[in-house]
Amino acid sequence: MKKVIEGSHAVAEAVRLCAPKVIAAYPITPQTHIVERLSKMVADGQLDSEFLCVESEHSAMSACIGAQATGVRTYTATASQGLMLMHEMLHVASGMRLPIVINVANRSVSSPLSIWNDWLDAMAVRNSGWVQLFVESSQEALDTTIQAYKIAETIHLPVMVCIDGFYLSHTYEPVDIPDTVAGYLGDYKPKVVLDPKNPITQGMMAGPKAFQEFKEQQHRALLSAKDVIKNENREFNKKFGRIYGDGLVETYNMESADYAIISMGSVCGTIKHILDEKKISDIGLIRIKTYRPFPNKEIIDLTKNLKALGVLEKDISFGIGGALWADVKTFVDKPVSNFIGGLGGRDIQIEDIVKIFGTIRKEEENIHWVGSQLKK
Amino acid sequence: MKKVIEGSHAVAEAVRLCAPKVIAAYPITPQTHIVERLSKMVADGQLDSEFLCVESEHSAMSACIGAQATGVRTYTATASQGLMLMHEMLHVASGMRLPIVINVANRSVSSPLSIWNDWLDAMAVRNSGWVQLFVESSQEALDTTIQAYKIAETIHLPVMVCIDGFYLSHTYEPVDIPDTVAGYLGDYKPKVVLDPKNPITQGMMAGPKAFQEFKEQQHRALLSAKDVIKNENREFNKKFGRIYGDGLVETYNMESADYAIISMGSVCGTIKHILDEKKISDIGLIRIKTYRPFPNKEIIDLTKNLKALGVLEKDISFGIGGALWADVKTFVDKPVSNFIGGLGGRDIQIEDIVKIFGTIRKEEENIHWVGSQLKK
Amino acid sequence: MDKKFNEGAWAEPGTSVKNKTGSWRTFKPIVTDRCVGCGTCTKFCPEGAIKIVEKNGKKKAEINYDYCKGCLICLKECPFKAIEKEVEK
Amino acid sequence: MDKKFNEGAWAEPGTSVKNKTGSWRTFKPIVTDRCVGCGTCTKFCPEGAIKIVEKNGKKKAEINYDYCKGCLICLKECPFKAIEKEVEK
Amino acid sequence: MKKLLSFGTRSCAGCPASLAVRRILEAVGDNVIIVNGTSCLEVTTTQYPLSSWNVPYIHTAFECTGAVASGVESALKKMGKDTHVVAIAGDGGTFDIGLQSLSGMIDRGHNVLYICYDNECYANTGLQRSSATPYGAATTTSPPGKFSIGNKTFKKPIVQMLAAQKVPYVATASLAYPDDLERKVKKALTIKGPKFIHILAPCPISWRFDSSETIHVARLAVETGMWILCEIENGKIKINVTPSERKPVKDYLSLQGRFKHLKDEDIKKIQEKVDDDWKAYKKY
Amino acid sequence: MKKLLSFGTRSCAGCPASLAVRRILEAVGDNVIIVNGTSCLEVTTTQYPLSSWNVPYIHTAFECTGAVASGVESALKKMGKDTHVVAIAGDGGTFDIGLQSLSGMIDRGHNVLYICYDNECYANTGLQRSSATPYGAATTTSPPGKFSIGNKTFKKPIVQMLAAQKVPYVATASLAYPDDLERKVKKALTIKGPKFIHILAPCPISWRFDSSETIHVARLAVETGMWILCEIENGKIKINVTPSERKPVKDYLSLQGRFKHLKDEDIKKIQEKVDDDWKAYKKY
Amino acid sequence: MIEIRINGRGGQGAVTTSEILAIAAFKDGRYSQAFPHFGVERRGAPAMAFCRIDDKEIKLRTHVYTPDYIIILDPSLLNLPDTLNGLKNSGIIILNSKEKYIELEKKYKIIYVDATQIALDIIGKPIVNTAVLGALSKKTSLVSLNALKDAIKEKFSGELADKNIEVLQKVYDSTN
Amino acid sequence: MIEIRINGRGGQGAVTTSEILAIAAFKDGRYSQAFPHFGVERRGAPAMAFCRIDDKEIKLRTHVYTPDYIIILDPSLLNLPDTLNGLKNSGIIILNSKEKYIELEKKYKIIYVDATQIALDIIGKPIVNTAVLGALSKKTSLVSLNALKDAIKEKFSGELADKNIEVLQKVYDSTN
Ligand SMILES: Cc1ncc(C[n+]2csc(CCOP(=O)(O)OP(=O)(O)O)c2C)c(N)n1
Ligand SMILES: Cc1ncc(C[n+]2csc(CCOP(=O)(O)OP(=O)(O)O)c2C)c(N)n1
Ligand code: SF4
Ligand code: SF4
Ligand code: SF4
Ligand code: SF4
Ligand code: SF4
Ligand code: SF4
Ligand SMILES: [Mg+2]
Ligand SMILES: [Mg+2]
């Protein structure tokens, strides 16, 4: 059914369809609408889950870990400070290979306190071994959250679906809600569970003889997500008729491009709008949907014949530059300019992007702060 | 006075000399010996500080923030899970521009649980806006912890001094302990403090109009640390007669090198030992002492005439590769192989490094897991 | 803004006086002559917008309309029913 | 190890039996004939290393030296002072 | 005298948090450092570049008010300064995410007055359930529905828990009794060590009543016995206001939108709980 | 029957934690899931690839035992399984860093038996002070010295705090009274909702006594009245063992290296505290 | 693409107004998007919401800077400097007000609606969002009455929906 | 560079032994380094520590894999398979034992010392670390007696230092 609903509610619908048995969450702007809607679904009997009003985000992730290890599907959502507070448990969840799904309604990180959108939160936990997916629209948020369960349960790793706070979480737009995901996502059937009939031990210590191999395995598993994501992108399309690039990256207007702008999330919609409206042909968009594992090969291939690139991102890795820019630069060997903007909710406007296009065409390599009010 | 003491005690001596008024810490292996020694100093009246036995690392950093904002020098130390748990407050401390000093006795991050050394902890918080310094020896740990206060108070940002857990924290070796740092580190004289006489407000919210500029300022301030660190490296040498490269990077055996191995921390001692013992001339060592801000220019310059590089690191940024490798690759444009090893306390042995040298000479670019027991 | 290159976000005391919340009102409280200046309302005004002044030798509540948000607690709590309301224009 | 490519670190139950802690002992507890098999010591042994067995129709404590760490709680707590110690060789 | 909380806060009309702070500061005076956790109060009084505070103020995060206050107090001690430290946090920041930090502060014996203004939910994020939310109340994460009566737990008895931790002075206060409130704050400041004051803060938005009713609702809470004004000094309890005849809790509940879905039997359950509490308090 | 905690744990000789678990599992049986926080117990019973547990066991981190247990219990509920959930953590993981998680679990009413084995310090990391450390005890972060008598605070009264939070069943137990301990565990499992049992766990390493004395010290704690064996059911307290004549606390303290620096006046202070506690308990 | 801004005060329902409008526009077979200008301001403080309507998919996600329409829920907002910011020259104002603003009419087209009174009469509370949309529907081709009715049914339920539809119809009938 | 491993059991002081040795070697004017093989094993379980001594600065930070000396604090450790791992062919064993190990003597040079007995006699507890170092000092040139005495004074204080020095001297005198 296609309806105009809020991005948060689109996510909640996806969760309802996937029917996790345990949801544990703590409120934080701009995640609240997701979990409020889920509470209501549980109260009304539309969703047969335990909804735990935990006392912190650290406990939210801990409760999900406990429940998932016992053998049920789980869910949580958070943002910003909440994601920071559960950081320790993100590493535990991935290390324990538990396919938990989280939505992050991306928001900045204090101090100064900001309730507004950027990616400082998700970027600060990019080392935690989770699959990280960034979406552009409410529809994609819904579709990707459903796929997230499938991906997670295939590779035995947790998945984080990032939606821009307010820009997606609080936006109403048309969304097609599937009637069921039954034919797509099967029952959750874990092998390693807490069960008195087969009393195994989970969450162990590992000494110097074994620890490194667990991490190597984990890294391999995360890399293996690339194929899984591509595959689920196709499978999902077969069932529901919607597809997002190859699942890792999506390109737009790249047919005759000499340059590309690389970015993620909702701002890509604005970029597409401008490319269309202004009938730009020399610049295309490469939207990274899968940020971790990082689609290095795809980006190398897509940029091979380009003259220069620009990376637009809503984050800063202090003391080095934009995190996404650094990732791209790690693999791409041509001028890549970095555009850091939209921090703490600063709206990235049409003129900003037009200016960025101009800078990219200069084929230089610099770090630019979009709309900076500081003296150079 | 030169004595054989434990690395942890060397750090404690440095802290005693800098005399923070408030120390708040929570125990975690392998940081414990540092704070235990400090407790004893306070109990015995050798150090006039409040030692707060806080109830978690989150509170350790919070108490330091409160005390530092009130106008005194503070200190804490932690590792691993503790660093993860205080992650949120690391961002708050740097955002509030408080010159707190922490020692991290680097240890791996769960799960699986490991109490042993690697850099997963420090790397997981590399986005938090702190200066991050990695040291090779107990002497350097002591010297750098003293410099850390100076650097922090100059640029108004917190500083993290990383010492390899056990390899440094639990090792006894000769250390020269200065009698005083009086001529080097002055009194702490902050301008923005909590004081009823000038009742300003600290730790605010900032809206979309201002937030981004605060982050840009913070990034600039962190970049400005490069010059400050270089300068303090020289100043410290003038007073105490010890110097570590240019403060950002230290080179060894680079005179006639065609290749370099880049690494950090205590394993660089082992590398130096091998270079000396085996009289190797085609390979040199670039030891990164200052990891954040990242010494991009220095590394570009030092590697300009080399054929290939290898980065040896005790961490993994899941789904992409070694974090240090990615940083180097961001700026260096030649074959850089990545050697990930020493995770969870796996000892990096002489033969491992000899093998690494061989691989670097092949001028390929691959990710290798040092001593991996997994099938390829 | 650059002057704060080395400082976090901090503020001078009491600067929110610049934020005139009087514009938020839907209803406006009016102190009538029934007011005896007892001061009760001053303890209950969330904005601290009421003070007791002497006018012609009589104590009386005075509302600072620059900041009064029109919650009407004063109206409700005045023991003398001395406050009335009107719709804000 | 590769078989666990998709699993975290988990373990089969009770596998620590492989860890024979008997080698840790400095002192070795010896059950003497004074033992009446009352079972008190079994409730106090941190290793669970004592069980009561029937020998020649008499109940008696038996120590599993593969795991006994030699803490000597049993010696201390036996109401019949039926346990003695010797230095481990 | 200068208003210690200045004009121009961004709180809703009829806000109990602003009002509580005005009363608190009146009693404390200006020789104080305020430590505040993330909450309605923080968000509505400090937004760069404007602050409503005319006393030194620090906010860092949500869950660490007790720890930050510990740090501030320790620094003052070392500086030899005789300045009060008053920590202020909401119920979420006190009962839930900040409980541990508070308990640690108490354990270490810091000389801090910690005040919780309790609007019985996470108001700042839009009215979610906290463990201070009373039984039956509708919040956005404890909504009533076919399978839910609203919040299914009774309020966490924080005052008793902290008294059990041997905080030398624990008290409850009400916005409808401002003199009692100010007296308690002043008294608390005369005691060395940790102190805790718990203020019921009826919030028109979250509880769904008209903004003019804040004080009325606060008073009804006391008159119906849902809010017991008391002081516990070194374990000894003193009840400050004993309504000669307690009004039925219904009077209090029916004023508030958050309770409007409750059935008579639910209200009876709440009445019984209040009756039991009074018995327990009297025995204590 | 299979040993539910198998041979070959890596704990020190005379370890009270291993012993406590043996007694607990004897009472609980094998239809249980154990949730454990980081601690001596965890580190000495699970090290890849070996585990000492013959019941399903999960460890995740240090501060979240209550929350993980909440998740496990909620999953079991949804799966329709009738398996006990027993959470086990040390004093550090219960009094300090895990207090909030425990309090949250209680607040939500999870059907979990939470057991704290209390060796009065962070033993796993080498004997640092926790808020369970008793007055005067030497630990590595509360060392005695020219300016320090050792730990300067009294033990956090966790049992009273949790009873105040209205946990339906709260009890203390001792390794020296194994039948009482097992009875309490069994009884707790018959009660629905959160339960808390607090076991004193004299640790030869941290308290500095000979490994053979674990039970002796545990018994003396009860006989001197430093450890009061009791049960609090729905707020009603029952003292299980009242020594006809309480031995002087000195008998208990002098056995332990951690107290050996104390002067007579310090010991007197401790004796007075114990006398007061008994008075309070009796009144209660 | 049509861009609309709704100016109101916290608590007056600017956000709900934009949402209903977006839902209705979609029911008319068009694409739409609604989102709030989120601040930390509380009930009573000036607040904004945005809406976009187009015949093709809307990808643009910036704030609305140059609206084609501004809906003003409360005439006192006209006292604030920013209320009319960015309104296109040909732009239209839908103003909840009993009184006329002659000066303003010289510059902009204004659609008046006495939403507060009608809402008070029918709902008993000054909930003005459906009323202003009724006027918008009548005087422009932006959104149909039926679509608005359906949108209200989707957004509200029971009596509240009915009453709002009554308001809507009444405004629609009485606007001219 | 000389590499030494100390094998003991948790609680027996292998780590302290290595530390005293490193301190003493430095007092003899050489460079030194001591560190534990840290595990989570508890009192009673096999434990190790390492020490390096050299005439130039020691940069190497790996574990010690091929020690020149192995100090064994407890003869029962010889029952474990790993105790003699890596010992160089010319390597020397310092063994705390009353009894001789004739078989082993065929392969290695063994310095015997009845450290437990001497420690029990003088200190009253089986603290064997200074005793074994006394034997080491007497029979090798690795570290001087005076340096060991100074090291003990630095590491311990008061009576404990005195008694340990007494042990050291006694062992030194009686070893031959
Ligand atoms: C770690 C973390 N989680 C969540 C939040 C979001 N948050 C900010 S204030 C708040 C509610 C505060 O509730 P309370 O303490 O009761 O104060 P109130 O807003 O009701 O005044 C929440 C959930 C946060 N800032 N940090
Ligand atoms: C967040 C975090 N901080 C610190 C630690 C280090 N740590 C592990 S166990 C432990 C002590 C546990 O103390 P307690 O709960 O009393 O159990 P015990 O070791 O005494 O049995 C500590 C401090 C940790 N694992 N995680
Ligand atoms: S308005 Fe009422 S309450 Fe206020 S001073 Fe006048 S009489 Fe007193
Ligand atoms: S209406 Fe409210 S804000 Fe205005 S003066 Fe009265 S109490 Fe104060
Ligand atoms: S050894 Fe002692 S305690 Fe054990 S069974 Fe025999 S008599 Fe009883
Ligand atoms: S000595 Fe200790 S471990 Fe051995 S049997 Fe006796 S009680 Fe058990
Ligand atoms: S929601 Fe309640 S507590 Fe928060 S600012 Fe508004 S009135 Fe005050
Ligand atoms: S330190 Fe104490 S509690 Fe920990 S394993 Fe050893 S004896 Fe057990
Ligand atoms: Mg609240
Ligand atoms: Mg403990």
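Computed from a prediction, not measured in an experiment: that's the story for all the values here.
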Return the set of residues passing salt bridge (charged side-chain N to carboxylate O under 4.0 Å, His left out) with B:D164 (not counting sequence neighbours), or none when no residue passes. B:K314
B:S266 and B:Y167: which non-hydrogen atoms are nearest, and at how many Å? OG-CB, 3.5 Å
Working to the nearest 0.5 Å, report the span between [atom1] of [X] and [atom2] of [Y].
| X | Y | atom1 | atom2 | value |
| --- | --- | --- | --- | --- |
| B:Y149 | B:I100 | OH | CD1 | 9.5 Å |
| F:I58 | F:I33 | CD1 | CD1 | 9.0 Å |
| F:I34 | F:L25 | CD1 | CG | 5.0 Å |
| B:N127 | B:L90 | CG | CG | 11.5 Å |

Does any backbone or side-chain atom of B:I28 lie under 4.5 Å from a heavy atom of chain F? Answer side chain, backbone, both or neither. backbone
Taking donor and acceptor roles from the modelled atom types, list the N and O pairs under 3.5 Å across chain B and chain F.
{"from": "B:Y26", "atom 1": "OH", "to": "F:Y122", "atom 2": "OH", "distance (Å)": "3.0"}
{"from": "B:E36", "atom 1": "OE2", "to": "F:Q128", "atom 2": "NE2", "distance (Å)": "2.6"}
{"from": "B:E36", "atom 1": "OE2", "to": "F:T140", "atom 2": "OG1", "distance (Å)": "2.9"}
{"from": "B:K40", "atom 1": "NZ", "to": "F:P144", "atom 2": "O", "distance (Å)": "2.8"}
{"from": "B:A43", "atom 1": "O", "to": "F:K146", "atom 2": "N", "distance (Å)": "3.2"}
{"from": "B:A43", "atom 1": "O", "to": "F:F147", "atom 2": "N", "distance (Å)": "2.6"}
{"from": "B:E55", "atom 1": "O", "to": "F:I97", "atom 2": "N", "distance (Å)": "3.4"}

pair B:C18-B:L185: side-chain heavy atoms closer than 4.5 Å: yes
Scored by heavy-atom pairs under 4.5 Å with chain B, the best of F:P144, F:G126, F:G150 is F:P144
Under a 4.5 Å heavy-atom cut-off, does chain B meet the side chain of F:F95, its backbone, both or neither? neither
